[in-house]
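Here the structure comes first, spelled out in structure tokens, and everything after it is commentary.
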Amino acid sequence: QLQLVESGGGLVQPGGSLRLSCAASGFTLGYYTIGWFRQAPGKEREGVSCISSSGGSTYYADSVKGRFTISRDNVKNTVYLQMNSLKPEDTAVYYCAAGLRITSIQAMCVALESFGSWGQGTQVTVSS
């Protein structure tokens, strides 16, 4: 009964900010690497940012580095993605996923098969 639920998506103007949340139920989130992925219309799902179980290691795609920040609160069993300076090209459905650590955080974040549990996704739309 592993379950992840995303929230916090919505409509925002270019340059605006959103904070996404990923809440876990049925398991202890602190044992898992967590990734944020996104899928835009006509494109494949891609890794955005990932964080190790303790929060000590993070990875960001070049397209979001300096604008997005991933963090986690293992007491609350929740992972966050703070998104600032949003651009129209950030428009996508955003998913969080959990997986056991098998290699580097970067390697996991570019390989969807590294993650066994996925949320339902939340829509982020940045007007153009």
Side-chain angles (χ1 to χ4, degrees):
Q1 292 184 306
L2 280 64
Q3 186 174 358
L4 296 167
V5 179
E6 304 95 334
S7 62
L11 297 171
V12 65
Q13 295 184 6
S17 298
L18 286 173
R19 188 177 76 156
L20 306 184
S21 298
C22 175
S25 298
F27 65 101
T28 301
L29 197 61
Y31 293 141
Y32 295 88
T33 298
I34 303 297
W36 283 99
F37 299 80
R38 67 186 181 187
Q39 188 165 21
K43 296 184 178 181
E44 296 184 355
R45 193 171 299 185
E46 63 177 350
V48 176
S49 182
C50 295
I51 188 167
S52 62
S53 59
S54 68
S57 297
T58 59
Y59 168 81
Y60 298 92
D62 288 343
S63 59
V64 307
K65 189 174 297 183
R67 299 188 297 120
F68 291 11
T69 303
I70 191 170
S71 62
R72 65 192 302 159
D73 186 336
N74 287 340
V75 174
K76 294 183 177 181
N77 227 25
T78 303
V79 173
Y80 305 96
L81 185 68
Q82 178 67 46
M83 305 186 295
N84 298 327
S85 301
L86 284 163
K87 305 175 181 179
E89 51 263 44
D90 295 318
T91 296
V93 177
Y94 283 71
Y95 302 87
C96 67
L100 294 174
R101 180 79 177 269
I102 58 172
T103 184
S104 70
I105 300 300
Q106 178 177 351
M108 291 186 66
C109 215
V110 299
L112 275 62
E113 63 269 23
S114 299
F115 298 86
S117 299
W118 292 80
Q120 84 289 349
T122 185
Q123 176 71 50
V124 172
T125 302
V126 184
S127 65
S128 59

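Since we're looking at a predicted model, the values are computed, not measured.
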Quiz item: Rest of the hydrophobic cluster containing Val75 (Ile/Leu/Val/Met/Phe/Trp/Tyr, side-chain heavy atoms under 4.5 Å)?
Solution: none

Self-check item: Heavy-atom pair with the smallest gap, counting every atom of Pro14 and Ser127
Solution: CG-O, 2.7 Å

Quiz item: Any chain of hydrophobic side-chain contacts (each under 4.5 Å) joining Leu29 to Tyr31?
Solution: yes

Self-check item: Under 3.5 Å donor-acceptor, Gln120 side chain and Glu6 backbone
Solution: yes

Quick one: side chains of residues 79-87, donor-acceptor pairs under 3.5 Å with protein atoms, not counting sequence neighbours, listed by atom name and distance.
unit_1	atom_1	unit_2	atom_2	d
Gln82	NE2	Asn84	OD1	3.0
Asn84	OD1	Ser17	OG	2.9

Quiz item: What is the distance from atom OG of Ser54 to atom CG of Asn74, rounded to the nearest 0.5 Å?
Solution: 8.0 Å

Quiz item: Heavy atoms, side chains only, cut-off 4.5 Å: are Ser21 and Lys76 in contact?
Solution: no

Quiz item: Hey, is the main chain of Gly47 close enough, under 3.5 Å, to the side chain of Arg45 for a donor-acceptor pair?
Solution: no

Exercise. Work out which heavy atom in Thr33 is nearest to a heavy atom in Ser52; give both atom names and the distance.
Key: OG1-CA, 4.3 Å

Practice problem: Answer yes or no: is there a side-chain heavy-atom contact under 4.5 Å between Glu89 and Val126? | Solution: no

Quiz item: Rounded to the nearest 0.5 Å, what separation is found between the CD1 atom of Ile105 and the CD1 atom of Ile51?
Solution: 8.5 Å

Quiz item: In Å and rounded to the nearest 0.5 Å, what is the CD to CD distance from Glu44 to Gln39?
Solution: 8.0 Å

Quiz item: Quick one: does Phe27's side chain get under 4.5 Å of Leu4's, heavy atoms only?
Solution: yes

Quiz prompt | Pairs flagged by disulfide bond (SG atoms under 2.5 Å apart) wherever residues 9-69 is involved - sequence neighbours left out | solution = Cys22-Cys96, Cys50-Cys109

Exercise. Kindly give the cluster partners of Val5, where membership spreads through any ILVMFWY side chain lying under 4.5 Å from a current member.
Key: none

Quiz item: Any idea which heavy atoms bring Ser104 and Ala107 closest together, and the distance?
Solution: OG-N, 3.1 Å

Quiz item: What pairs of residues pass the ring-ring contact (aromatic ring centres under 6.0 Å, His included) test when at least one of them lies in residues 38-78, not counting sequence neighbours?
Solution: none

Quiz prompt | Derivation of the side-chain contact (heavy atoms from CB on, under 4.5 Å) call for Asp90 and Arg67 | solution = CA-CA 11 Å; Asp90 295 318; Arg67 299 188 297 120; 2.8 Å; yes

Quiz prompt | Name of the residue among Thr58, Val48, Leu20 meeting side-chain contact (heavy atoms from CB on, under 4.5 Å) with Ile70 | solution = Thr58

Exercise. Supply the atom-to-atom distance Ser49 OG to Ile34 CD1, rounded to the nearest 0.5 angstrom.
Key: 11.5 Å

Quiz item: If you measure from CD on Gln123 to OG1 on Thr91, what distance do you get to the nearest 0.5 Å?
Solution: 7.5 Å

Quiz item: Any donor-acceptor pair under 3.5 Å linking the side chain of Asn77 with the backbone of Ala24?
Solution: yes

Quiz prompt | Side-chain hydrophobic cluster, 4.5 Å single linkage: members besides Met108 | solution = Phe37, Val93, Tyr95, Ile102, Leu112, Phe115, Trp118

